Chemist: 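Okay, here's the structure, questions in a sec.
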Amino acid sequence: QVQLVESGGGLVQAGGSLRLSCAASGRTFSSYTMGWFRQAPGKEREFVGTITVSGSNTYYADSVKGRFTISRDNAKNTVYLQMNSLKPEDTAVYYCAATRRSSWLRSEYDYWGQGTQVTVSS
């Protein structure tokens, strides 16, 4: 089992940057594909991006491609989401999640963090 705790959210102006972290418990972190999702008020939770177990491959939603970067440090059991050129429409609660599959589908992620709020002001 994996427990996930996100941190790093906050309030930022449009055009600014934030880095989210997700710390995982357990010895098997390096065997999980890690994903980031977000949920804005009144909307479905949506895929942001994912990173493979080794960190060698990443995949992003079109809405964040070129602005967001996912990385991981398996020695520290941590995955990161670097968010640049933030826009008001990026405002949401951001969640990290873990799966043993290679997937961008929310339903295939087994473990979720509690989320961290990101608010981008215009």
Side-chain angles (χ1 to χ4, degrees):
Q1 195 161 1
V2 178
Q3 292 185 326
L4 305 172
V5 179
E6 302 96 336
S7 62
L11 174 64
V12 64
Q13 289 188 330
S17 298
L18 278 177
R19 188 176 82 154
L20 306 184
S21 299
C22 173
S25 65
R27 301 178 185 177
T28 59
F29 172 77
S30 60
S31 65
Y32 286 89
T33 294
M34 298 300 296
W36 285 96
F37 293 77
R38 67 185 181 184
Q39 188 166 17
K43 294 189 176 181
E44 294 278 323
R45 192 171 299 188
E46 66 175 7
F47 171 76
V48 173
T50 185
I51 186 165
T52 54
V53 294
S54 66
S56 58
N57 293 97
T58 53
Y59 305 92
Y60 301 95
D62 287 343
S63 58
V64 306
K65 201 172 294 182
R67 300 187 299 122
F68 290 12
T69 303
I70 298 174
S71 60
R72 67 189 297 164
D73 185 337
N74 286 340
K76 295 182 178 180
N77 281 11
T78 303
V79 62
Y80 305 97
L81 178 65
Q82 177 67 43
M83 305 185 293
N84 299 329
S85 302
L86 282 161
K87 305 174 182 181
E89 51 264 44
D90 294 318
T91 295
V93 177
Y94 283 72
Y95 300 88
C96 68
T99 179
R100 289 193 180 272
R101 306 170 183 85
S102 295
S103 177
W104 56 271
L105 294 175
R106 182 182 66 189
S107 61
E108 295 195 347
Y109 281 76
D110 304 302
Y111 304 103
W112 292 82
Q114 83 289 348
T116 186
Q117 176 70 47
V118 171
T119 302
V120 184
S121 63
S122 58

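The shown structure was predicted, so the numbers you read here are calculated from the model rather than taken from an experiment.
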Chemist: Could you give all pairs that pass the disulfide bond (SG atoms under 2.5 Å apart) test and reach residues 50-87, with sequence neighbours left out?
Modeler: none
Chemist: Tell me, which pairs form a salt bridge (charged side-chain N to carboxylate O under 4.0 Å, His left out) where one or both residues lie in residues 68-87, sequence neighbours left out?
Modeler: none
Chemist: Under the salt bridge (charged side-chain N to carboxylate O under 4.0 Å, His left out) definition, can you give me all pairs with a residue in residues 92-102, not counting sequence neighbours?
Modeler: Arg101-Asp110
Chemist: Which residues pass the side chain to side chain contact (heavy atoms under 4.5 Å, CB included) test with Ser56, sequence neighbours left out?
Modeler: Thr52, Ser54
Chemist: Residues two or more places apart in sequence or in another chain: which of them pass ring pair (Phe, Tyr, Trp, His ring centres under 6.0 Å) with Phe37?
Modeler: Phe47, Tyr109, Trp112
Chemist: Of the non-hydrogen atoms in Ala40 and Ala92, which two are nearest, and what is the gap between them?
Modeler: N-CB, 3.8 Å
Chemist: For the backbone of Gly9 and the side chain of Thr116, can you confirm whether one donor and one acceptor N or O come within less than 3.5 Å of each other?
Modeler: yes
Chemist: Who are the side chain to side chain contact (heavy atoms under 4.5 Å, CB included) partners of Ser30, not counting sequence neighbours?
Modeler: Asn74
Chemist: How would you list, by chain and number, every residue that makes a side chain to side chain contact (heavy atoms under 4.5 Å, CB included) with Ser85, sequence neighbours excluded?
Modeler: Arg67
Chemist: Is there a side-chain contact between Val93 and Arg45, using heavy atoms and a 4.5 Å cut-off?
Modeler: no
Chemist: Which residue pairs pass the disulfide bond (SG atoms under 2.5 Å apart) test with at least one member in residues 30-122, sequence neighbours excluded?
Modeler: Cys22-Cys96
Chemist: What's the spacing between Glu89 CD and Lys43 NZ if we round to 0.5 Å?
Modeler: 8.5 Å
Chemist: Can you pull the salt bridge (charged side-chain N to carboxylate O under 4.0 Å, His left out) pairs that have at least one residue in residues 51-63, sequence neighbours excluded?
Modeler: Asp62-Lys65
Chemist: State, to 0.1 Å, how close Gly113 and Glu6 come at their nearest heavy-atom pair, and which atoms those are.
Modeler: CA-OE2, 3.2 Å
Chemist: Please check if the number of heavy atoms outside Gln114 that lie under 6.0 Å from its CD is greater than 12.
Modeler: yes
Chemist: Who passes salt bridge (Lys or Arg N to Asp or Glu O under 4.0 Å) against Glu46, sequence neighbours left out?
Modeler: Arg38
Chemist: Quick one: list whatever passes side chain to side chain contact (heavy atoms under 4.5 Å, CB included) with Gln82, sequence neighbours left out.
Modeler: Ser17, Arg19, Thr69, Asn84
Chemist: With clusters defined by side-chain heavy atoms of hydrophobic residues (ILVMFWY) lying less than 4.5 Å apart, directly or transitively, does Val53 cluster with Tyr59?
Modeler: no
Chemist: Taking transitive links into account, so neighbours of neighbours count too, which hydrophobic residues share a cluster with Tyr60 at under 4.5 Å side-chain distance?
Modeler: Val2, Leu4, Val12, Leu18, Leu20, Phe29, Tyr32, Met34, Trp36, Val48, Ile51, Val64, Phe68, Ile70, Val79, Leu81, Met83, Leu86, Tyr94, Tyr111, Val118, Val120
